[in-house]
Amino acid sequence: MADVIVIGGGLLGFSTAYHCVLAGARTTLVDRRDTGWATGAGAGIISPETETRGLPHWFEFAVRAGDYYPVLLEHLKADGAGDTGYARCGLVVAATGEDEAAAFAAGRDRILARQRARGAPAPADLREISPDEARRFFPPFRTVVGAVYHRHAARVDGRLLVQALQDAAERRGLVVRRGSATALAMEGARIAGVVVDGETCPASRVVIAGGAWTKAFGEQLRVRIPVEPQRGQIIHLRMRGANVGEWAIVNGFRGHYIVPWPDGRVVVGATRETGSGFDPRLTADGVREVLGEALRAAPGLADAEIQEMRVGLRPLAVDGLPVLGAVPSVAGVYLATGHGPSGLQLGPFSGKIVADVALGRDPEVDLAPFRVTRFDGT
Ligand SMILES: Cc1cc2nc3c(=O)[nH]c(=O)nc-3n(C[C@H](O)[C@H](O)[C@H](O)COP(=O)(O)OP(=O)(O)OC[C@H]3O[C@@H](n4cnc5c(N)ncnc54)[C@H](O)[C@@H]3O)c2cc1C
């Protein structure tokens, strides 16, 4: 019998499972690796300080999550796990057309006002820069009408991170099972285990980290989980003969971005197709949108080779916030989902917090804004 069964093997599931085994719990993770798992497609940008969505409670949590990355990486290193691609490579928020100037000014003012109010990051680490400086940080730009630079912004490779978590967790005894969790086994209002491909696996606690597929358990749990798939299409370009690894990440003003990697990849994305349903396809319109926006912002990428295209289904909650913590209707069941476009930023920390709650420890953050009960009556 496991102490904990985790359903889902994306970043949220593996982070939760790793923190469970770190705490000494006997843990099993069940994963189906659906086509369209979000972690496999994610761009990997970690930069809460330049986020302008203005979601309440999101920012404080995201800053804690960003600070937690180096801590997790130390744990993984000590456990002999491989590279995750994590690096603080800096990020330029840029407006590249006059039509974006007003939106840029509003975003810049919000970013810098928050910096002043918090007294962090230091002015040298988050500041407005000139168009020439922006082009030095990211040479494929042509026209830049306004830019802000954040020195500590980072990137991570979601696939490598999940592999590192899996390797480290397996060394500590995690059991990984490929399969589909088709139902929860209950004893009255208490969890008793998980039915995996027809076999009941007993456990006293179950964490559901099923990404966009999590909602399927709502009926059995008698709880509303309004998390839906939001399709994202993203393209990996390759630039030869350029020091791509020295370039900064770019965040544009139409929700698009560019992430350079030391191996010469330049990842451009992404569509945000709310209402896409479970339809993880690359489409002509999606590919046109992603390439069109990348080349509009950075004409210097025109000669890059197309290496790969990916598509993922972001698990997006109706109010844009993660869904974390206990399900009150069934004792012993916990949720870790709903991270939408920021699951790679938040995932390591969210997994730690949910593992803490599931193991009866103090989660060190107030989970009230993220509880599934916030949707009651909506
Ligand atoms: C194009 C794109 C770009 C992105 N860029 C960024 C970014 O720059 N920064 C950022 O922070 N975030 C980004 N994200 C978001 C991030 O990738 C997601 O929020 C995060 O990966 C979600 O992880 P997850 O573990 O919740 O879900 P997933 O990675 O989708 O994993 C869920 C897993 O659960 C499994 N599962 C579900 N139900 C069952 C079941 N019943 N039985 C067994 N297994 C089950 C699935 O098969 C899947 O393997 C991006 C996403 C996309 C698509």
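Start at 1 and go down the list; that is how both ligands and their atoms are numbered. Quick note: numbers below take in every heavy atom, side chains included, and nothing from hydrogens, waters or symmetry partners.
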### Task
Report the member of G351, A43, P322 with the shortest heavy-atom distance to atom 6 (C) of ligand 1.
A43

### Task
Among all protein heavy atoms, pick out the one at the shortest distance from atom 36 (N) of ligand 1; state its residue, atom name and that distance to 0.1 Å.
D34 OD2, 3.9 Å

### Message
Tell me which pairs pass ring pair (Phe, Tyr, Trp, His ring centres under 6.0 Å) where either residue lies in residues 201-244, with sequence neighbours left out.
### Response
W213-F278

### Query
Quick one: do F370 and L335 end up in the same hydrophobic cluster if we chain Ile, Leu, Val, Met, Phe, Trp and Tyr together by side-chain heavy atoms under 4.5 Å apart?
no

### Message
Out of G8, G10, G210, G179, who is nearest to atom 43 (C) of ligand 1 when you count heavy atoms only?
### Response
G179

### Query
At what distance is the nearest protein heavy atom to atom 41 (N) of ligand 1, and which residue and atom is it?
A181 O, 2.9 Å

### Query
Testing I234, L282, T283 for side chain to side chain contact (heavy atoms under 4.5 Å, CB included) with V311, which one passes?
L282

### Query
Any chain of hydrophobic side-chain contacts (each under 4.5 Å) joining L12 to V372?
no

### Message
If the contact criterion is a heavy-atom separation under 4.0 Å, does Y257 count as touching ligand 1?
### Response
yes

### Task
State, yes or no, whether a side-chain contact exists between R205 and C20 at a heavy-atom distance under 4.5 Å.
no

### Query
Nearest protein heavy-atom contact for atom 25 (O) of ligand 1: which residue, which atom, what distance?
L12 N, 3.1 Å

## Note on the structure
If you compare P341, G42, G158 by their heavy atoms, the one closest to atom 12 (N) of ligand 1 turns out to be P341

### Summary
Going by the 4.0 angstrom heavy-atom rule, the piece of I46 near ligand 1 is neither

### Message
My understanding is that only one of V323, V318, T214 makes a side chain to side chain contact (heavy atoms under 4.5 Å, CB included) with V227; could you say which?
### Response
V323

### Proximity of L11 to ligand 1 by residue part, where a heavy atom lies under 4.0 Å
backbone

### Query
When you measure from atom 8 (O) of ligand 1 to every protein heavy atom, which one gives the shortest distance, and what is it?
I45 N, 2.9 Å

### Query
Below 3.5 angstrom, do we get any N/O pair linking A336 and ligand 1?
no

### Heteroatom distance test (G312, ligand 1): nitrogen or oxygen, under 3.5 angstrom
no

### Query
Got an N/O contact under 3.5 Å between A270 and ligand 1?
no

### Message
Starting from atom 28 (P) of ligand 1, what is the nearest protein heavy atom, named by residue and atom, and what distance separates them?
### Response
A38 N, 3.6 Å

### Task
Indicate yes or no: does an N/O atom of T337 lie under 3.5 Å from an N/O atom of ligand 1?
no

### Task
Flag yes if L29 and L76 sit in one hydrophobic cluster, no otherwise; membership is Ile, Leu, Val, Met, Phe, Trp, Tyr, and two members link when side-chain heavy atoms are under 4.5 Å apart.
yes

## Note on the structure
Within 4.0 Å of some non-hydrogen atom of S342, the atoms of ligand 1 are 10 (C), 11 (O), 12 (N)

### Query
Hey, which atoms in ligand 1 end up nearer than 4.0 Å to a heavy atom of Q345?
10 (C), 11 (O)

## Note on the structure
Ranked by distance from atom 49 (O) of ligand 1, the top protein heavy atom is D31 OD1, 2.7 Å

### Task
Under 4.0 Å, heavy atoms only, figure out whether ligand 1 is touched by the backbone of F217, its side chain, both or neither.
side chain

### Query
Does any N/O atom on W213 come nearer than 3.5 Å to any N/O atom on ligand 1?
no

### Task
Within a distance under 4.0 Å of any heavy atom of G9, pick out the atoms of ligand 1 and give their elements.
33 (C), 34 (O)

### Task
Look at atom CG of D303 and say whether more than 12 heavy atoms of other residues, nucleotides or ligands are closer to it than 6.0 Å.
no

### Message
If we count only N and O atoms by modelled type, under 3.5 Å, do the side chains of E273 and Q233 hold a donor and an acceptor together?
### Response
yes

### Query
Same hydrophobic cluster for I46 and W58, using side-chain heavy-atom links shorter than 4.5 Å among ILVMFWY?
yes

### Message
With salt bridge (charged side-chain N to carboxylate O under 4.0 Å, His left out) as the rule and sequence neighbours excluded, what pairs involving residues 186-200 come up?
### Response
R177-E199

### Task
Kindly identify the option in A65, G40, G340 whose heavy atom sits closest to atom 15 (C) of ligand 1.
G340

#### Entry: Closest approach of any protein heavy atom to atom 21 (O) of ligand 1, naming residue and atom
T39 OG1, 2.8 Å

#### Entry: Closest approach of any protein heavy atom to atom 52 (C) of ligand 1, naming residue and atom
R314 NE, 3.6 Å

### Task
Tell me yes or no: between the side chains of S47 and H150, is some donor less than 3.5 Å from an acceptor?
yes

### Query
Considering P315, A183, G338, G211, which one's heavy-atom position lies nearest to atom 22 (C) of ligand 1?
P315

### Query
Are any of the N or O atoms of G232 closer than 3.5 Å to those of ligand 1?
no

### Message
Does any N or O of ligand 1 fall below 3.5 Å from an N or O anywhere on R33, backbone included?
### Response
yes

